Amino acid sequence: MTVYALRRLAFGLSLVWAASVVAFVVFCRSFDPLWTYALCRPGCDPARNAVIAKFHLDDSIVHRYLLWLTGLVHHGFGDSAVDGFAIGPQLLRSAGVTAQLLAAGFVLTLVFSVLLGAVAARRRGAVDGILRVLGYFTWSLPTFTMGLLLLRWLGPTHWFPAWYAGHGPVHWIRAMALPAATLSLGLIGLYSRYVRTSMRSELRQPYAVVARGKGLPESRVVYRHALRNSLVPFMSVLSLDLGAVVGSCLAAEYIFNMPGLAYFFLGGLQRADPFVLTAIVVAIAVLVAFFSLMTDLLVGWLDPRVAVGSRALR
């Protein structure tokens with residue numbers, strides 16, 4: 001399991017590095033941090049020349065990336081090329097908010113997808129039909145539509161206050177409830193169907209038939225034996241959709257006015273600052289890699305054959 005975890009960690013770090021290369025090249029080629037000095041003639045403004053010298057804007061893109069990568073290791077993400085503020089502290093605060101929303105959304109998705117999927121697998125007929133209709137309905141609604149509906153119907157109120165309206169764990173739970181619900185409702189509608197289908201397949205396997213033949217009650221067969229095996233494909237599919245989940249998370253942040261990466265990204269886009277935008281993409285890649293690693297480790301724990309098979313393929 002340790003070797004499997006190290007391999008997944010190395011794969012995640014390589015993806016973060018690849019994302020940094022693509023983001024740096026694309027943003028530095030697309031945005032000019034000297035746009036605020038557009039009316040100045042080249043060489044006439046000392047401030048403009050200082051920006052060029054500090055960020056090596058006259059060097060090749062490869063040399064600039066190597067300097068940025070070296071500075072990232074020693075000094076963090078450096079300063080904004082447009083406004084001059086330190087990128088690292090604000091990026092850390094914004095990424096922390098996004099990570100909290102992602103974690104809360106994942107917990108709700110995992111708990112309710114498993115619960116509703118297990119109920120639908122056991123109770124065919126009307127219950128399964130109602131859950132199927134509700135699942136398809138929530139999955140068909142875009143994240144921003146779901147967020148706008150919840151914001152209009154339920155918030156901000158005393159029970160669901162705005163993010164910036166207080167402090168403490170109770171306030172955190174209340175403020176996080178609607179954004180996390182916005183992120184997770186559609187996912188629950190989709191992934192509960194995966195759990196249902198997978199569990200119905202597991203309940204027809206020989207081990208489940210033998211367990212029933214030995215006199216075990218159906219609830220024990222479902223929750224003690226079939227549930228663990230049915231979670232493997234569910235977690236595998238969830239790990240593949242992490243990029244889309246992060247995009248939905250940014251939409252939920254924007255709707256509920258949370259100071260996460262969404263607002264930070266829009267601010268960097270308005271200022272046309274390539275270094276801020278690159279830092280945000282790297283932070284998003286780190287979040288995706290982290291949650292992907294967690295889901296891969298959970299899959300390896302649920303089914304040790306995954307880790308063994310990964311080691312055998314080397």
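Owing to the predicted nature of the structure, the values given are computational and were not obtained by experimental measurement. The residues of the chain are indexed from 1 along the displayed sequence.
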### Task
Verify side chain to side chain contact (heavy atoms under 4.5 Å, CB included) between Leu131 and Ser192, making sure each step is shown before the conclusion.
CA-CA 9 Å; Leu131 292 178; Ser192 62; over 6 Å; no
### Message
Less than 4.0 angstrom from a charged side-chain N to a carboxylate O is my criterion; do Arg200 and Asp128 meet it?
### Response
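Judged by the 4.0 Å cut-off on N to carboxylate O distance, Arg200 and Asp128 do form a salt bridge.
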For [X] against [Y], the heavy-atom pair lying closest together:
X: Val195; Y: Ala118; answer: CG1-N, 4.2 Å
X: Ser184; Y: Thr109; answer: CB-OG1, 3.3 Å
X: Asp273; Y: Ala81; answer: OD2-N, 3.2 Å
X: Ala285; Y: Ala19; answer: CB-CB, 3.8 Å
X: Leu108; Y: Ala181; answer: CD1-N, 4.2 Å
X: Ala162; Y: His171; answer: O-CE1, 3.1 Å

### Query
More than 12 non-hydrogen atoms from neighbouring residues, nucleotides or ligands closer than 6.0 Å to CZ on Phe85, yes or no?
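Enclosed: over 12 neighbouring heavy atoms sit under 6.0 Å from CZ of Phe85.
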### Message
Does Trp17, at its CH2 atom, have more than 12 non-hydrogen atoms belonging to other residues, nucleotides or ligands within less than 6.0 Å?
### Response
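Not more than 12 within 6.0 Å, no.
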### Message
If you take the centroid of each ring, where Trp contributes its six-membered ring, are Phe77 and Phe275 closer together than 6.0 Å?
### Response
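No - the distance between ring centres of Phe275 and Phe77 does not fall below the 6.0 Å cut-off.
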Would you say the side-chain atoms of [X] pair up with the backbone N or O of [Y], donor to acceptor, closer than 3.5 Å?
X: Thr145; Y: Leu141; result: no
X: Glu253; Y: Met258; result: no
X: Ser94; Y: Leu91; result: no
X: Gln205; Y: Ser201; result: yes
X: Ser230; Y: Leu227; result: yes

### Task
Might you work through the side chain to side chain contact (heavy atoms under 4.5 Å, CB included) test for Leu57 and Arg64, ending with a clear yes or no?
CA-CA 8 Å; Leu57 299 182; Arg64 289 168 61 187; 3.5 Å; yes
### Query
Under 3.5 Å, is there a donor-acceptor pair linking the side chains of Thr143 and Ser248?
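A donor-acceptor contact under 3.5 Å links the two side chains.
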### Message
We want to know whether Ser20 and Tyr65 form a side-chain donor-acceptor pair, criterion being a heavy-atom distance below 3.5 angstrom.
### Response
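A pair is found: one side chain offers a donor N or O, the other an acceptor, under 3.5 Å apart.
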Is there a path of hydrophobic side-chain contacts, each under 4.5 Å between heavy atoms of I, L, V, M, F, W or Y residues, that connects [X] with [Y]?
X: Tyr194; Y: Ile188; result: no
X: Leu269; Y: Phe264; result: yes
X: Leu69; Y: Val286; result: yes
X: Val107; Y: Val170; result: no
X: Val25; Y: Val16; result: yes

Kindly compute the distance separating [atom1] ([X]) from [atom2] ([Y]), expressed to the nearest 0.5 Å.
X: Arg193; Y: Thr197; atom1: CZ; atom2: OG1; value: 6.5 Å
X: Leu187; Y: Leu110; atom1: CG; atom2: CG; value: 11.5 Å
X: Leu250; Y: Ile255; atom1: CG; atom2: CD1; value: 11.0 Å
X: Arg271; Y: Ser80; atom1: CZ; atom2: OG; value: 5.5 Å
X: Phe160; Y: Leu150; atom1: CZ; atom2: CG; value: 9.0 Å
X: Ser198; Y: Leu231; atom1: OG; atom2: CG; value: 8.0 Å

Would you check if [X] and [Y] make a side-chain contact, meaning some heavy-atom pair closer than 4.5 Å?
X: Asp59; Y: Leu67; answer: yes
X: Phe27; Y: Val281; answer: yes
X: Arg196; Y: Val119; answer: no
X: Val246; Y: Phe291; answer: no
X: Tyr207; Y: Asn229; answer: yes
X: Phe106; Y: Leu183; answer: no
X: Met294; Y: Phe290; answer: yes
X: Pro274; Y: Pro33; answer: yes

### Query
Hey, mind stepping through Thr278 and Trp68 against side chain to side chain contact (heavy atoms under 4.5 Å, CB included) and telling me if it holds?
CA-CA 10 Å; Thr278 301; Trp68 177 85; 3.7 Å; yes
### Task
Kindly assign one of parallel, tilted or perpendicular to the pair His63 and His56, based on the angle between their ring planes and the thresholds 30° and 60°.
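Answer is perpendicular, since the angle exceeds 60°.
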### Message
Using the rule ring pair (Phe, Tyr, Trp, His ring centres under 6.0 Å), only one of Tyr263, Trp163, Phe144 pairs with Tyr254; which is it?
### Response
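Result for ring pair (Phe, Tyr, Trp, His ring centres under 6.0 Å) with Tyr254: Tyr263.
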